[in-house]
Asks: 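Just dropping this structure here.
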Amino acid sequence: MKRFLKIALFIILGIVVIIGTILIYFNAKGVPTYEVAIPEQIKTLKVEVTPERVARGEKIATVLCNGCHANNENRLVGKAILDLPAEFGKAYSLNITQDKEEGIGNWTDGEIMYFLKTGIKKNGKYSPIMPKLPRMADEDVKSVIAYLHSDRFPVQATKGKQPAQDPSLLLKVLTNTVMKPLPISTEPIRVPDSTNVIEFGKYVANDMIACYACHSKDFSKQDPIHPENSLGFYGGGNPMPNLEGQIIPSANITFDEETGIGKRYTEAQFVEAVKLCKKPDGGVLRYPMQPHISLSDYEVKAIYAYLKTIPKIKNKVN
Ligand code: HEC
Ligand code: HEC
């Protein structure tokens with residue numbers, strides 16, 4: 001019996017030492033670096049800056065980028081991400097103005113596109129916190145790049161440096177095991193014809209804004225390449241910290257009559273909720289839901305039409 005206990009103790013000790021060594025290794029290694037394998041047609045990309053693209057890019061960036069990157073003067077010099085769950089450590093969005101030393105004035109268009117789609121920066125570093133845009137149409141990604149190169153106020157060269165990222169041990173372990181950069185596809189991706197309302201709404205909701213990312217069950221059970229495979233697709237309940245650290249679960253926006261928006265939102269009320277954060281009862285939707293003011297009524301109505309077609313999920317969110 002004594003002998004058996006001794007062996008068991010040694011085995012447990014061995015396991016503890018092995019796990020400890022692995023953790024020390026990941027802690028020292030940090031977030032991993034990858035080969036920057038930019039496909040030829042993206043590497044040689046040169047985005048022509050046209051007024052149409054700048055307008056479109058500004059509209060997309062207003063919804064998707066500025067919230068994280070703009071300081072209180074609305075310049076995209078970066079800042080601390082205050083609503084990052086504490087267990088991931090500290091993250092800072094960076095200076096993406098045209099400044100050549102402290103911004104991204106020295107990045108090529110190909111490097112920007114590759115990063116936006118995969119999460120791999122020009123120095124190979126993987127960025128786990130910055131959202132990726134693997135399914136956004138090529139023309140829309142080019143519009144975002146045109147906006148970054150434009151003379152619009154938020155992107156003009158501005159000095160401003162953020163502290164180094166400070167990922168927790170958990171985030172280091174995750175990025176060395178399950179969190180990976182996204183594969184890059186060179187298949188052309190187009191914006192669907194806007195007269196096909198449901199396809200168009202699906203594009204805006206899933207591929208352009210990624211409403212599903214907040215509105216499905218769990219950030220870690222999502223499939224950014226095939227959003228429909230995400231757990232609890234649009235059924236809500238994803239626990240999200242607001243800027244004060246309180247947890248605000250996302251809403252069920254499937255058309256389930258009891259627990260979703262099937263009975264509670266007319267099309268007109270949905271437009272007001274998505275664009276202005278106004279609830280049908282006169283209340284206000286709470287952060288991290290934000291007013292998507294730059295989307296057109298037509299785009300939001302198309303999202304409504306699309307949501308009507310997806311499977312209803314019974315999930316009561318409090
Ligand atoms: C959730 C917050 C968040 C959003 C939204 C966001 N970013 Fe970022 N961004 C970050 C963080 C955090 C980093 C730092 C990544 C790192 O170094 O690990 C970053 C880094 C970058 C970089 C690399 C800068 C450098 O010098 O390394 C670029 C370029 C960039 N973001 C562009 C964009 C664009 C364009 C959008 C909109 C399409 C956007 N970001 C939306 C958080 C965000
Ligand atoms: C950053 C995360 C986030 C994103 C992105 C987001 N939402 Fe939300 N949304 C929320 C949260 C959290 C709530 C719950 C707010 C509350 O309870 O006050 C919410 C609430 C809503 C509601 C109200 C539902 C109800 O039951 O009253 C609607 C409608 C909605 N969102 C639609 C959308 C659409 C459409 C998009 C994409 C254009 C979107 N949301 C993008 C987080 C998000």
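Keep in mind that the numbers below use all heavy atoms, side chains included, and drop hydrogens, waters and symmetry copies. Quick note: residue numbers are just sequence positions, from 1. Each ligand, and each atom within it, is numbered from 1 in the order the structure gives.
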Asks: Heavy atom to atom 17 (O) of ligand 2, shortest distance: which of M208, R286, Q269 holds it?
Replies: R286
Asks: Taking distance alone, with N or O pairs closer than 3.5 Å, would you say N252 contacts ligand 2?
Replies: no
Asks: Flag C65 as yes if one of its N/O/S atoms falls below 2.8 Å of atom 8 (Fe) of ligand 1, otherwise no.
Replies: no
Asks: H292 to ligand 2: N or O pair under 3.5 Å?
Replies: no
Asks: Where's the contact between L116 and ligand 1, heavy-atom distance under 4.0 Å: side chain, backbone, both or neither?
Replies: side chain
Asks: To the nearest 0.1 Å, how far is atom 10 (C) of ligand 2 from its closest protein heavy atom, and which atom is that?
Replies: M289 CB, 3.4 Å
Asks: Looking only at heavy atoms, is any part of F115 under 4.0 Å from ligand 1, and if so is it the side chain, the backbone, or both, or is it neither?
Replies: side chain
Asks: Using a cut-off of strictly less than 2.8 Å, determine whether H215 has an N/O/S atom near atom 8 (Fe) of ligand 2.
Replies: yes
Asks: Heavy-atom contact under 4.0 Å between P131 and ligand 1?
Replies: yes
Asks: Which is it for E101 and K161 under the salt bridge (charged side-chain N to carboxylate O under 4.0 Å, His left out) test, yes or no, and what are the steps along the way?
Replies: CA-CA 9 Å; E101 284 96 41; K161 239 178 131 74; over 6 Å; no
Asks: Got a sec: is M130 within less than 2.8 Å of atom 8 (Fe) of ligand 1 via an N/O/S atom?
Replies: yes
Asks: Given that the side chain starts at C-beta and the backbone is N, CA, C, O, which of these parts of A61 lies under 4.0 Å from ligand 1, counting heavy atoms, or is it both or neither?
Replies: neither
Asks: Is S250 close enough that one of its N/O/S atoms sits under 2.8 Å from atom 8 (Fe) of ligand 2?
Replies: no
Asks: Checking side chain to side chain contact (heavy atoms under 4.5 Å, CB included) between I19 and each of V16, T21, I22, I15, which is the one that passes?
Replies: I15
Asks: Among Y265, Y212, Y234, F219, which one has a heavy atom closest to atom 27 (O) of ligand 2?
Replies: Y265
Asks: Could you tell me, atom by atom, which parts of ligand 1 come under 4.0 Å of a heavy atom of Y92?
Replies: 11 (C), 12 (C), 13 (C), 14 (C)
Asks: Using distance alone, determine whether R264 and ligand 2 share an N or O pair under 3.5 Å.
Replies: yes
Asks: Counting only heavy atoms, which portion of H69 has something under 4.0 Å from ligand 1: side chain, backbone, both, or neither?
Replies: side chain
Asks: What about K279: any of its N or O atoms under 3.5 Å from an N or O on ligand 2?
Replies: no
Asks: Going by heavy atoms, is L64 under 4.0 Å from ligand 1?
Replies: yes
Asks: Enumerate the atoms of ligand 1 whose separation from the nearest heavy atom of S93 is less than 4.0 angstrom.
Replies: 10 (C), 11 (C), 12 (C), 13 (C), 42 (C)
